[in-house]
Protein chains: 2
Amino acid sequence: MNKKKEILLKIAQLLFTEFGVAEVSLRQIAAEAGISHSNLIYHFPSKNDIIIALHHQLMEKAIGLNKQVQAASHPLQGLYHSTKIGFTILYEYRFLMIDLPHILRDNKILHNTFLDLEKLRADMYLIEIQKATDQNLMRQELYQGEYTGLIERIKIFSDAWIASSAIYDSPENNNVIEKYIKLFMGFFYPYLTDMGRSVFDEVYFQ
Amino acid sequence: MNKKKEILLKIAQLLFTEFGVAEVSLRQIAAEAGISHSNLIYHFPSKNDIIIALHHQLMEKAIGLNKQVQAASHPLQGLYHSTKIGFTILYEYRFLMIDLPHILRDNKILHNTFLDLEKLRADMYLIEIQKATDQNLMRQELYQGEYTGLIERIKIFSDAWIASSAIYDSPENNNVIEKYIKLFMGFFYPYLTDMGRSVFDEVYFQ
DNA sequence: AATAAAATAGTACATTTGGCCTAAATTTAC
DNA sequence: GTAAATTTAGGCCAAATGTACTATTTTATT
């Protein structure tokens, strides 16, 4: 990726975050970058191209940083750390999440990428939960599909917390990430065994 | 409310649902209604006025229909029925939920109305949970603020399931409401006592 | 240094959109 | 039946936006 393009993307990202994707025009981005409208178009023919490039950046970061947390001592710790990192990265690119339904509607490629990624994540959660039940950290299902349902709820939460934050949290609040990580971890608590809870407390309150 | 205005609102609602609020212009709505652009503006000076009117309709319906479920025999039943009705109404006006962050950002009045309503709902949930623990249908909190966290997650889910559905579910799927009601009810299951679970199964699988 | 490629700016155009004003038509009220 | 009001339509304007084309400047390559 070109140095110049990265600067332009950074500016676009900041504007999108502050005003929303729909409210920012290519001309505004160009003005903010101190270049001409035509020049911006030379680099990114349309707003969609900018969004795709930013989305690509996000994916790269997510993959890169996730490698650091492969070796977790137990499932709950891995869950906690990958959540923390994932949420932090996502928050940087929160304009994507706030506009998610629109962006994906307008963009078949991103939509498919997104669906693939979500599928991977769902599988990952299923494996982690499986590990946790094997190690007697989480209890067995009380009914068929209980944990599948949990994962569905988790997915919705993961996609939605940023939009929710935009509605409920004041812009000055800079503890939002912690707040939503805590809420996220709360999803698992009622499924934990006694042993699971003591491990959980240990991980969570280091 | 004027008869003519109601027709116009219905048309706007359908267009918003199909294409999204941002993508529909006043001229399109007017064209669809078979009237002139100026005439539509005579009734609704701006798109915002249409959105506010539709939001008002939604509130009226929600209040009206909720009166029918005041007398529930026990907390879980009340929760289930009010969820069912609430979700059904909300789905009719799903364009509001899909665009929620944008609409509320552009509209201080709606934003405040929304926050007030969410506060009421949170209180309602707290009361229902209190009732359920008193009647030994739900267990006591395992830690301070456990149920407050649950309610927060429930709120996010309630605000987000429609947007999530727009991403994950195919448009032909007309069982989405049932799907998300089921997921919603799953929030409570791990907190239920043995007695609570038998009551739950009774309510849920009538 | 010369030449090709890449980057930048300027301009112009068509389209869309919200807003505004005026005039005609229709309905309502007396 | 007539006057007043409400409702409707048409036209016009200004701003914004995406898009395309051309010309100039800068950078890279040899």
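Letters A, B, ... mirror the listed sequences (proteins, then strands); counts begin at 1. These numbers come from a predicted model, not from an experiment.
Remark: B/I109 pairs with B/N107, B/T113 by the side-chain contact (heavy atoms from CB on, under 4.5 Å) rule, at least two apart or across chains. Taking the ring-ring contact (aromatic ring centres under 6.0 Å, His included) definition, one finds that B/F187 meets it with A/F187, B/F157, sequence neighbours left out. Listed by chain and residue number, A/F200, B/Y143 satisfy the ring-ring contact (aromatic ring centres under 6.0 Å, His included) test with A/Y189 (two or more places apart in sequence, or in another chain). B/F184 pairs by the ring-ring contact (aromatic ring centres under 6.0 Å, His included) definition with B/F87, B/F188, not counting sequence neighbours. Residues satisfying the side-chain contact (heavy atoms from CB on, under 4.5 Å) test with B/N173, not counting sequence neighbours, are B/D169, B/S170, B/N175, B/V176. Under the side-chain contact (heavy atoms from CB on, under 4.5 Å) criterion, B/A122 pairs with B/I151, B/K155, sequence neighbours left out. Scored by the side-chain contact (heavy atoms from CB on, under 4.5 Å) test, B/I98 finds A/P101, B/I162, B/A166 as partners (sequence neighbours excluded).
Residue pairs satisfying the side-chain hydrogen bond (donor to acceptor under 3.5 Å, both in side chains) criterion with at least one member in residues 89-106 of chain B, sequence neighbours excluded, are listed as follows: A/D99-B/H102, A/H102-B/D99, B/Q57-B/Y93, B/K61-B/E92. Each side-chain hydrogen bond (donor to acceptor under 3.5 Å, both in side chains) pair with one or both residues in residues 24-42 of chain A, not counting sequence neighbours, would appear here, but there are none.
Between A/K131 and A/E128 there is a salt bridge, since a side-chain N of the basic residue sits under 4.0 Å from a carboxylate O of the acidic one.
Atom pair B/I41:CD1 and C/dT16:C1' shows a separation of 14 Å (rounding to whole Å applied). Here the P atom of nucleotide C/dT17 and the NZ atom of B/K47 are 8 Å apart, to the nearest Å.
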Would you tabulate the nitrogen or oxygen pairs shorter than 3.5 Å linking the protein to nucleotides 6-13 of chain C?
| unit_1 | atom_1 | unit_2 | atom_2 | d |
| --- | --- | --- | --- | --- |
| C/dA7 | OP2 | A/Y42 | OH | 2.6 |
| C/dT8 | OP1 | A/K4 | NZ | 2.8 |
| C/dT8 | OP2 | A/N39 | OD1 | 3.1 |
| C/dT8 | OP2 | A/N39 | ND2 | 3.3 |
| C/dT8 | OP2 | A/H43 | NE2 | 2.5 |
| C/dT8 | O5' | A/N39 | OD1 | 3.3 |
| C/dT8 | O5' | A/N39 | ND2 | 2.6 |
| C/dA9 | OP2 | A/S36 | N | 2.6 |
| C/dA9 | OP2 | A/S36 | OG | 3.4 |
| C/dA9 | OP2 | A/N39 | ND2 | 3.4 |
| C/dG10 | N7 | A/S38 | OG | 2.9 |
| C/dG10 | O6 | A/S38 | OG | 2.9 |

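With the end axes of the helix from C/dA1-D/dT30 to C/dC30-D/dG1 each set by five pairs, the angle from one to the other reads 20° at 10° resolution.
For DNA chain D, the contact window with chain A, defined by any atom under 4.0 Å from a protein heavy atom, covers D/dT17 to D/dT19 in 5' to 3' order.
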